[in-house]
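These notes concern the structure reproduced below.
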Amino acid sequence: MAPGTHGSRAKRPMTRGTRGASVHGLPTHTARPLTIDPPRRCAMGWTRVVEALGAPVGAEVTVKGWVRTRRDSKAGGGLSFIALHDGSCFEPIQAVAQATLPNYADQVARLTTHCAVEIDGVIQRTPKGGNEILASAVRVVGWVEDPDHYPIQPKPHSFEYLRQVAHLRVRTNTFGAVARVRHALSMAMHRFFHERGFFYVHTPIITASDCEGAGQMFRVSTLDLLNLPRKKDDMTGPTDAGLINAGSAPFTSPGVAAEGERIDFSQDFFGKEAHLTVSGQLNVETYCCALTNVYTFGPTFRAENSNTSRHLAEFWMIEPEIAFADLAANATLAEEFVKYLINAVLTERADDMKFFDERIEKGLVERLRHVLDSPFRRLPYTEGVKILRDAAASGKARFEFPVEWGKDLQSEHERYLTEEHFKQPVVLINYPKQIKAFYMRENPPGTDGAPGPTVAAMDVLVPKIGEIIGGSQREERLDVLDVRIAEMGLPLQEYWWYRDLRRYGTVPHAGFGLGFERAMMFITGMQNVRDVIPFPRAPGQAEF
RNA sequence: UCCCCGAUAGCUCAAUGGUAGAGCGAGCGGCUGUUAACCGCUAGGUUCCAGGUUCGAGUCCUGGUCGGGGAGCCA
């Protein structure tokens, strides 16, 4: 049963040179194809489509799934071709149902798209050489009522339309492929870290520290919104300004009830204000400073009212954190990580990636191979600014926004660096302190000849997408950290446990964040973040 | 949040202010080891909502709702 499983059949042309080869001089890890040998049967005992496609002629199988298309022929007394998919791979399997089947006229001949069926039969070859099933029985498990109005039809649909039927869109080619690649990417990510001795840490979803400082937060509360407990404003709590900055405006009040009054959160579930996390980083740092190499992977929430093809209110983020490590080690880890993920998906989901390459983004696989084969160019922010200013001055590039040291780069700038100037992934490092977070390690004065203070931050930029990873070396010196917290007007006492890490056995450490959906867009070529997550949450969108 | 664009059959889209159309899909029939099938016939409409202008509004005006693209923020 081993030879010619569906996976290895379809994948060969796509994976040339990657399996078993080294990735940019890095050791190859065990990114094996997902084909199981011998072809697996699912726990319940029937055959998945991916196995049936690789099964030997004569094998008796039962497959279960959903009809993609039905075509009829009068040949040989009449028969129907049923393309059946069950999600196990990109390709459906074809079943031949002859008119001699007892339920042919009243059932088989009336099957429409996405009817659920079970088919018993024997594997045979089509005239063109692929596997198909000569059906001995076709059992209809679930009909599709009113086929004319069924939302998914055997024809191209726009992604915008399919978002409105997100519960059914996964039955289509594109969203099935997205789902499988998303799974493969998740598994590859865990495998990458596991193989390197990293520990997976489940950081909390709910946080009662309002100091994570990475954007607007969703409030978590069990208080009665129609009857909020109030207390006199004793002015000892966080200032209004602080609450506004760290709170959930504009979606909830900043905690001020009326003149001289504010909400009494001591009566709330956690005895204090609580929110959904915007990052697991601060928590995972604590585990890093005990287990050395750790990562967290979980949902992350931002209450920003941003409505773009790249933002979600709920998204997944991977955040590794490494101890006894500096920014250079961090950048190396990020580069290895990105390349590992690309290699794994190209190898394991060659069928789906072929589809993305042909139908979603022409040249996608070539683009990914280029990233796989290119060293990531390390470049100080200060030098990047120089390159961009020179390019603008000489007319080589035209930017809508001017480039200025001390300001964040626009995406047009980032994309010029990675797509035009270097034509390879770029790791920009050492950003101006003034535009980065409080926990980033301050560099010695004069680093890179910068005109102002910088911190050991990094952004990984890749062609087509722009920034895909953001990270930094963390400030491990308590005195420096305290000054920084004070400078940014943050409440020192809220950081007591974070500061403790710097008091008790502090070590240099670093980490980064990779937006999982951004990585999905990068790898699949899908252009809207809402199409790479099963049920997207965005302002005004939480239907499913 | 800002700037553009859009909303007509199940879907994608047409329709000078003058009878609501096509392709695909669906149903029926024909042909066919078919596989983006092909050919014929049939059904399918509160033109997003509420006002307004007009003899007459899918079309023009006002307001709203929803959607898309771009920007900002970021992941």
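Below, chain A is the first sequence line, B the second, and so on; all start at residue 1. Remember, predicted model here, so these are calculated numbers, not experimental data.
Among the atoms of the strands shown, base atoms are found under 4.0 Å from some heavy atom of A/F81. Across all strands, A/R110 comes closer than 4.0 Å to no nucleic acid atom at all (heavy-atom distances). Among the atoms of the strands shown, only primed sugar atoms or phosphate atoms (P, OP1, OP2) are found under 4.0 Å from some heavy atom of A/Q541. In this structure, A/T113 reaches neither bases nor backbone, as no heavy-atom distance under 4.0 Å exists between it and the strands shown. Nucleic acid contact for A/A75: sugar-phosphate only, since backbone atoms but no base atoms lie under 4.0 Å from a heavy atom of the residue. Residue A/T300 is classed as having no contact, given no heavy-atom separation below 4.0 Å to the nucleic acid. The residue A/V529 sits apart from the nucleic acid: no heavy atom pair falls under 4.0 Å. Across all strands shown, A/L312 has heavy atoms under 4.0 Å from base atoms, whether or not it also approaches the sugar-phosphate.
Screening A/F192, A/F193, A/F516, A/F315 for a ring-ring contact (aromatic ring centres under 6.0 Å, His included) involving A/F297 leaves a single residue, A/F516.
Between the P atoms of B/G40 and B/G23, the separation comes to 9 Å (whole Å). Across the C1' atoms, B/G21 and B/C38 are found 24 Å apart, a figure rounded to whole Å. For the C1' atom pair drawn from B/C11 and B/G67, the interatomic distance equals 16 Å after rounding to whole Å. Distance check on atom C1': B/C74 versus B/G6 gives 27 Å, rounded to whole Å. Between the C1' atoms of B/G70 and B/G33, the separation comes to 50 Å (whole Å). Nucleotides B/U65 and B/G58 have their P atoms positioned 24 Å apart, rounded to a whole Å. With both ends at atom C1', the span from B/U16 to B/A57 equals 13 Å, rounded to whole Å. Going from the P atom of B/U47 to that of B/G10 covers 12 Å, rounded to whole Å.
Remark: A/N528 is in phosphate contact with B/G69, judged by side-chain N or O atoms under 4.0 Å from OP1 or OP2. OP1 or OP2 of B/G68 lies within a sub-4.0 Å distance of a side-chain N or O belonging to A/R163. Contact annotation: A/Q527 does not reach the phosphate of B/G69 (side-chain N/O to OP1 or OP2, under 4.0 Å). Between A/Q164 and B/G67 there is no side-chain polar atom (N or O) within less than 4.0 angstrom of OP1 or OP2. In this model, the phosphate group of B/G70 is not approached by any side-chain N or O of A/R310 to a distance below 4.0 Å at OP1 or OP2. Here A/S309 reaches the OP1 or OP2 of B/G70: one of its side-chain N or O atoms lies under 4.0 Å away. For the pair A/S306 and B/G72, the criterion of a side-chain N or O lying under 4.0 Å from OP1 or OP2 is not met. When the side-chain nitrogen and oxygen atoms of A/S73 are compared with OP1 and OP2 of B/G33, one or more of them lie within a distance under 4.0 Å.
On a pure distance criterion of 3.5 Å, a polar donor-acceptor pair joins the side chain of A/Q153 and the base of B/G10. Between the side chain of A/Q94 and the base of B/U34, a donor-acceptor pair under 3.5 Å is found. No hydrogens or angles were tested; on distance alone, nothing pairs the side chain of A/K74 with the base of B/C31 as donor and acceptor under 3.5 Å. A donor-acceptor contact under 3.5 Å is formed by the side chain of A/E132 with the base of B/G33. Applying the 3.5 Å distance criterion, the base of B/C74 shares a donor-acceptor pair with the side chain of A/H311.
Note on A/E420 versus A/R415: no salt bridge recorded, every NZ/NE/NH1/NH2 to OD/OE distance being 4.0 Å or above.
In this structure, A/Y295 and A/Y200 have parallel ring planes: the angle between them is below the 30° cut-off, well short of the 60° mark.
With a 3.5 Å ceiling on both atom-pair distances, B/U53 lacks any Watson-Crick or G-U wobble partner. When both pairing distances are held under 3.5 Å, B/G58 makes no Watson-Crick or G-U pair with any nucleotide shown. With a 3.5 Å ceiling on both atom-pair distances, the Watson-Crick or G-U wobble partner of B/U65 is B/A7. Checking B/A71 for Watson-Crick or G-U wobble geometry (two distances, each under 3.5 Å) identifies B/U1 as its partner. Across all strands shown, nothing is found opposite B/G25 as a Watson-Crick or G-U wobble partner with both distances under 3.5 Å. Using the Watson-Crick or G-U wobble rule with both distances under 3.5 Å, B/C38 pairs with B/G30.
Ring centroids of A/H114 and A/Y150 are separated by less than 6.0 Å, placing the two rings close together. Ring pair A/Y495/A/F438: centre-to-centre distance below 6.0 Å. Between A/Y498 and A/Y439, the ring centre distance reaches or exceeds 6.0 Å. Aromatic ring centroids of A/Y416 and A/F399 lie under 6.0 Å apart.
A donor-acceptor contact closer than 3.5 angstrom links the side chains of A/Q94 and A/R71.
In terms of position on RNA chain B, the residue among A/P154 and A/N307 whose nearest nucleotide sits closer to the 5' end is A/N307.
Look at CG on A/D148: it is 12 Å from P on B/C28, rounded to the nearest Å. Rounded to whole angstrom, the span from the CZ atom of A/R530 across to the P atom of B/C66 amounts to 13 Å. In this structure, A/E414 places its CD atom 10 Å from P of B/G72, rounding to the nearest Å. A straight line from CG of A/D408 to P of B/G72 spans 11 Å, rounded to a whole angstrom. Atom NE2 in A/H149 sits roughly 8 Å away from atom P in B/C11 (whole-Å rounding). Remark: P of B/C11 and CG of A/L168 are 13 Å apart, rounded to the nearest angstrom. Atom CG in A/L134 sits about 12 Å away from atom C1' in B/G33, given to the nearest Å. Nucleotide B/G25 holds its P atom 12 Å from the CZ atom of A/R71, rounded to whole Å.
Taking 4.5 Å as the limit, some side-chain heavy atom of A/K464 sits within range of a side-chain heavy atom of A/E361.
Set against B/U32, B/G10, B/C73, the side chain of A/E304 has B/C73 as its closest nucleotide. With B/G10, B/C74, B/G72 as the candidates, the nucleotide lying closest to the side chain of A/F401 is B/G72.
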